[in-house]
Amino acid sequence: MEKLTKRSWAEPFKIKVVEPLRISTREYRESALREAGYNTFLLRSRDVYIDLLTDSGTNAMSDNQWAGMMMGDEAYAGSENFYNLEAQVRKYYGYKYLVPTHQGRGAEHLISRILIKPGDFVPGNMYFTTTRLHQELAGGTFVDVIIDEAHEPESTHPFKGNIDLDKLSDVIKRVGAEHIAYVTVAATVNMAGGQPISMQNLRDVRALAEKHGIKVVLDATRAIENAWFIKQREPEFAEKSIPEILHEMCSYSDAATMSGKKDLLVNIGGFLALNDPDIFEEARNLVVVYEGLHTYGGLAGRDMEAMARGIDEAVQLDHIRARVGQVEYVGERLLSIGIPIVVPIGGHAVFLDARRFLPHLNQLEFPAQALAAELYLEGGVRSMERGIVSAGRNTKTGEHNFPKLELVRLTFPRRVYTQAHCDVVTEAVEAVYERRDAIRGLKMVYEPKYLRFFQTRFERL
Ligand code: P71
């Protein structure tokens with residue numbers, strides 16, 4: 001018998017409350033899909049068996065977090081839970097000031113409004129949909145300065161989230177430092193496949209930005225997962241703790257936008273964290289216009305408490321190992337049966353490469369959208385398109401943006417599904433792969449103006 005080289009690990013929790021799942025027939029799903037315009041965002045949750053649409057707000061909270069919900073101080077002003085959250089953000093992320101927001105995009109809205117002047121540029125490591133939209137609505141133009149490898153699904157670069165320093169220098173030279181609002185740095189990079197940025201790159205970006213007097217804003221949404229990859233892949237950090245790594249990562253930025261709905265194991269919540277007192281002053285003033293008073297920012301006291309407690313749990317090594325390990329488990333199984341996915345396997349999701357999965361479809365037949373639809377049809381598994389539909393249109397020309405990556409994201413909620421669910425997902429992907437040649441593309445029949453992927457409707461070609 002083959003000797004095991006490493007011991008198995010398991011989830012560092014047991015299950016106390018369960019939520020039944022519904023399994024439907026293929027005929028039922030065919031009609032549900034048609035009614036949803038072949039868009040997985042338009043399906044009803046009750047019609048989904050295994051929901052891998054997103055890891056955002058879909059996490060299971062712990063008994064300790066639920067207990068915290070009972071400790072909600074629902075005062076309009078000065079809630080105790082705000083101070084708990086503020087203390088936790090200072091302790092783990094290291095920023096001086098906290099402005100709570102209802103979720104990540106609330107923070108993006110505030111910082112974009114404060115720091116971007118019309119005509120400014122915002123270089124960053126690949127766009128994220130809501131982040132870029134808020135930058136554009138504030139009059140800015142996002143410029144992608146991620147390394148080329150990030151756009152190559154088959155490149156095994158360990159830090160595909162890195163910024164290309166030459167590209168960043170070129171933008172600074174071309175438009176002038178005074179026209180750069182800030183550098184926006186995501187950790188991990190969602191649209192590249194949940195790929196991390198290295199600590200060395202964060203240091204280098206900071207140094208370059210500082211030389212030109214440019215601010216750095218971190219999207220810390222999945223920074224804890226990024227810290228895990230730094231620990232695994234950057235030898236200097238092998239013996240460092242996740243909180244130590246997280247702290248150092250944040251130290252290379254002036255501010256952070258945060259969607260607590262991911263790393264922080266809650267169903268709703270976010271924040272803007274800052275070091276500069278003047279920008280804080282401005283944010284604290286603006287938040288009352290768009291979110292709520294500066295000590296709740298659109299959240300209930302109980303939501304802030306759950307997020308504050310979630311941070312302690314999110315940085316536990318056992319937790320992250322199981323979380324990223326589950327994603328890796330599915331990715332490795334898919335690779336072993338020859339399914340084309342983005343490598344290295346990301347932190348929060350496995351990304352199917354729709355270009356290689358459905359090579360007979362051109363990009364205007366929406367291959368990733370079609371693949372997501374087929375996966376639902378096959379196994380009741382809901383995933384998300386991350387290709388041309390998500391990329392939207394060029395704000396000036398109105399033409400489609402044509403991203404190089406045409407992906408379907410299988411995103412894993414934290415602490416929700418078991419290994420058996422993972423196996424069922426793998427089998428559904430395999431079954432779709434076996435009949436891939438017969439899969440047809442889609443045509444768009446309705447398209448909304450903003451963040452079109454949420455509500456666009458399609459028909460089969
Ligand atoms: C995800 C989401 C949620 C989402 C948002 C837009 C389209 C589809 C799904 C949200 C993020 C994120 C990063 C890196 C900011 C936000 C916005 N991700 N930065 O991946 O991944 O946060 O949703 O709390 O407003 O499914 P918010």
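Quantities reported herein were computed from a predicted structural model and do not represent experimental measurements. Hydrogens, waters and symmetry mates play no part in the numbers below; they use all other heavy atoms, side chains included. Start at 1 and go down the list; that is how both ligands and their atoms are numbered.
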message: Tell me every residue that passes side-chain hydrogen bond (donor to acceptor under 3.5 Å, both in side chains) with Ser56, counting only those two or more places apart in sequence or in another chain.
response: Lys262
query: His348: heavy atom below 4.0 Å from ligand 1, yes or no?
result: no
- prompt: In terms of residue, atom name and distance, what is the protein heavy atom nearest to atom 14 (C) of ligand 1?
  reply: Asp219 OD2, 3.3 Å
message: Nearest non-hydrogen contact with atom 17 (C) of ligand 1 belongs to which option: Ile268, Thr411, Thr101, Thr130?
response: Thr130
message: Out of all atoms in ligand 1, which are within 4.0 Å of some heavy atom of Phe453? Include the element for each.
response: 7 (C), 8 (C)
statement: Those residues at least two apart in sequence (or on a different chain) that pass ring-ring contact (aromatic ring centres under 6.0 Å, His included) with Tyr290 are His109
message: To check your reading of the model: name the closest protein heavy atom to atom 9 (C) of ligand 1, its residue, and the distance in Å.
response: Met384 CE, 3.8 Å
query: Which atoms of ligand 1 have any heavy atom of Thr54 under 4.0 Å away?
result: 1 (C), 26 (O)
message: Which residue and atom name correspond to the protein heavy atom nearest atom 11 (C) of ligand 1, and how close is it?
response: Phe128 CE2, 3.2 Å
message: Within the supplied structure, the quantity of interest is the number of heavy atoms (other residues, nucleotides, ligands) at a distance under 6.0 Å from Arg302 CZ; does it exceed 12?
response: no
field: Aromatic centroids of Phe412 and Tyr417 separated by under 6.0 Å
entry: no
message: Under a 4.0 angstrom heavy-atom cut-off, which atoms of ligand 1 come close to Thr221?
response: 13 (C), 15 (C), 19 (N)
query: Can you list the ligand 1 atoms lying under 4.0 Å from a non-hydrogen atom of Phe454?
result: 6 (C), 7 (C), 8 (C)
message: Could you tell me if Arg386 sits above the aromatic ring of Phe453, with its cationic atom closer than 6.0 Å to the ring centre and no more than 45 degrees from the axis?
response: yes
Single hit among Leu272, Ile111, Asp254 for side chain to side chain contact (heavy atoms under 4.5 Å, CB included) with Ile279: Ile111
task: Using a strict 4.0 Å cut-off to heavy atoms of Arg105, name the atoms of ligand 1 that fall inside it.
output: 5 (C), 22 (O), 23 (O), 25 (O), 27 (P)
From Lys262, Gln103, Lys261, Arg222 - option closest to atom 3 (C) of ligand 1 by heavy atom: Lys262
query: Does the ring of Tyr127 carry Arg132 above it, NZ/CZ under 6.0 angstrom from centre and within 45° of its axis?
result: yes
message: Below a 4.0 angstrom heavy-atom separation, can you tell me which part of Arg409, side chain or backbone, both or neither, approaches ligand 1?
response: side chain
message: Give me the residue, atom name and distance of the protein heavy atom closest to atom 24 (O) of ligand 1.
response: Ser259 OG, 2.7 Å
